[in-house]
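Before any comments, here is the structure.
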Amino acid sequence: MGEKILMKGSEAIAEAAIRAGAMAFYGYPITPQNETPEYFSRRMPELGRTYLQAESEVAAINMVYGAACTGTRVITTSSSPGISLMQEGFSYIANSDVPCVVVNAMRGGPGLGDIAPAQADYFQATKGGGHGDYHSIVLAPHTVQEQCDMMYDAFDLADKYRIMVVVLVDGLLGQMMEPVEFKDWADVKSYKTPDWATVGQGERSNRNIITSLEILPEDLEKMNLKLQEKYRTIEEIEVRFEEYKMDDAEYVITAFGTTARIAKTSVNMARKEGIRVGIIRPITLYPFPYAVIEKRVNQVKFFFDVEMNAGQMLEDVRLGVNGKKPVYFYGRLGGMVPTAEEIYTAFKKQIGG
Amino acid sequence: MKLIYKAPDTMTEKDTTYCPGCPHGIAHRLISESLEEMNLVKKTVIVWPVGCSVFGYYFIGTDAVEAAHGRACAMATGIKRVHPESFVMTYQGDGDLASIGIAETVHAAARGEKITTIFINNGNYGMTGGQMAPTTLIGQVTTTTPYGRKPEANGFPMHVPEMLATLDGPAYVARAALDSPQHIIQAKKFIQKAFSAQAKRLGFSIVELVSTCPTNWKMTPVESMERARKEVLPVFPIGEFRVIKGVE
Amino acid sequence: MEKGVVISGFGGQGVMLAGELLAETGKEEGKFVTFLPSYGPEMRGGTANCHVIISDEEIASPIIDHPEAAIILNLPSLDKYEPLMKEDGLIIINKSIVPKEVKRTDVKILQVKAQEVARDLGNEKTMNLILLAAYVEIEKPVSIEGLKKALRTFLTGRKETLIEVNEKAINKGIEIAREFLGVK
Ligand SMILES: Cc1ncc(C[n+]2csc(CCOP(=O)(O)OP(=O)(O)O)c2C)c(N)n1
């Protein structure tokens, strides 16, 4: 740990990724996260690491795929329309068991939409997006500091499970400045090329082949089952969430990322008026913290889900609640950011206040 | 009083979203005038790109569609194939056309798709704040080439008309510039030839227009025109690279 | 303690710089700090603004719905924030180009011909600092010494020559604030 530096989220995330050991960045410009690749373009050459502006996001994710096959810590960052273009690559990466980190600074959609903060890519990130039965680990920070700390986790998880890790942020987190303290530099010199990497056979006794193709259905099923086994392990041990003022809560707000942060203010407003409400904030969106929702079902009167979309995480909250309590929803769309007061007012309506 | 200048009727009254001194407006005017003079306005569908001209449909008053970034030539192909009577044109920046959309562009050209592309080369990504484009010159500083474009790291500028001229599909391939009155008059001639190639169903036609970007080049409009003349045109020379029989 | 301020004006009036300087000062004084520049639909319509919060505790939402203090540099900003102000809130107005009177009677108003004052100090661009210093002196989210120290970390290299006039601006802001507060 070092001193605190006042930094923009979109630049701090790049610095954190670099310190966490990102050896290569491939990407394509897109608002609202241009400062991130621009930051990499300054810093990576300074450190003798790789920075390349790809000709498109399709190319960028396949460059990432290539680098990932060599076991190198590699990252790309983009925003919703660019992430849509990468979905094919995500699917290939998933069935190749290679590690990489992808940051999506979500913006208003669908289509070209706008460049304002949104959370409408939840389904895409957590339920696939590309074809086939796959998952990526999805992390959702809600402060600049958390986002920086999470970049270390992202690379570690990616390597541990040989999986793609998505960090879902938005333009609000990217534009704002907060003091951040970076963790120590990862010791990149200690990284060894993993034994599965495709870098040339060298001294190895076997050839390495990385492919997502398995033409015989019975073999592809086996391959899928292995993937599913990996997902079950992740679901068992990698779930992360924050509970905010839940101990005595009679009501719970569920929210992730920026929305959760705003909702914390709403909760504080409510508590000033004596309303006992807390927040469950999933930090891993996949694996989703169903267990904590189940645990709180009996304690609270209802769940109130808030998102900057039309109700996406809502479906997972409902799965967790499993019909045992009402689940209400408040959302803003198209890049509109709810205010704390707005959330509080909508919430109060449900308790008949 | 004698009327000596008026904006083409096809251009709308709306204020543009372009920065002061940006030549997108000149290109819009040349296109509008040419569509009017060639009596094409009512048949025209313009496929607009993602880039600074993303709101082009507010400024040129024809039927219009807004393509995904880089996909204009594919979208135009889709329209033209089912509506051969329509006059179909794409308007694209260098990032849109030569980076993310180069495959769509090359294949539309190779197929001899009967569409016209107006290609604005301003040497960077204007809309997103001045990143490197495929047309960025060696040594040029952009927000993603902070140490200047280096061939070892970023490769070389792409000469799109010269590349497309090697194909059999294009009927007309040219490059003009928007830096001086003479060049602008010449650019209009090239645009009209490109339009005629489509009108006569001769094949794909494209005109690259060497433009400027005062905001991201951090120059005054006049300085940027001078830079275009002194530094860009020697690398991207004006000329007609492929003109098949019948184009006029 | 948690204090939030909205600084709002045209691009080029030093809105972001003033906000960043305040945030940097807060950080240096060991406080929790958020600096949020205009985002989303806010970016349209002639105002550039930032929300700065300085707190002893972790900050929840970085967005200020109802400012308890606002530094208003142009007319559209007044139109926008006057109705949003908290009761008893403080509006500091750049009177040089905002001649309009504030209609609300439940807020505190400090009007300063900031551009003229800044010009007299020798640099019209320091008007953002005059108003920022006045705010700091009245609301005390950070210390004035801290503000001056942070200023020096901002103005390095070729900008070092600007330190003097900016410090004068800060002192002027303090003077204006003290007059407003009725202290000698
Ligand atoms: C899939 C996708 N990737 C990236 C973007 C972001 N983007 C918008 S415009 C643009 C580049 C524009 O540059 P250019 O085509 O040269 O046109 P100019 O703005 O210079 O006129 C980019 C990368 C996007 N909208 N969609």
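Letters A, B, ... are given to chains in the order of the sequence lines, protein chains preceding strands, and every chain is numbered from 1.
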Sort out for me which residue in C:Glu2, C:Lys3, C:Lys31 forms a side-chain hydrogen bond (donor to acceptor under 3.5 Å, both in side chains) with C:Ser55.
C:Glu2

Most contact-rich option vs chain A, by heavy-atom pairs under 4.5 angstrom, among C:Gly19, C:Gly26, C:Ala23, C:Pro62, is C:Pro62

Among A:Ile5, A:Ile262, A:Asp114, single out the residue with the greatest number of heavy-atom pairs under 4.5 Å to chain C.
A:Ile262

Looking only at A:Glu342, A:His142, A:Glu178, the option with the highest number of non-hydrogen pairs under 4.5 Å against chain C is A:Glu178

In terms of ring plane angle, is the pair A:Tyr328 and A:Phe302 parallel, tilted or perpendicular, where the classes change at 30° and 60°?
perpendicular

Aromatic rings A:Phe256 and A:Tyr122: how do their planes relate, parallel, tilted or perpendicular, breaks at 30° and 60°?
tilted

Report which part of C:Ile59 has an atom under 4.5 Å of a heavy atom belonging to chain A: side chain, backbone, both, or neither.
both

May I ask you to decide whether A:Arg261 forms a salt bridge with A:Glu146, counting only side-chain N to carboxylate O separations under 4.0 Å?
no

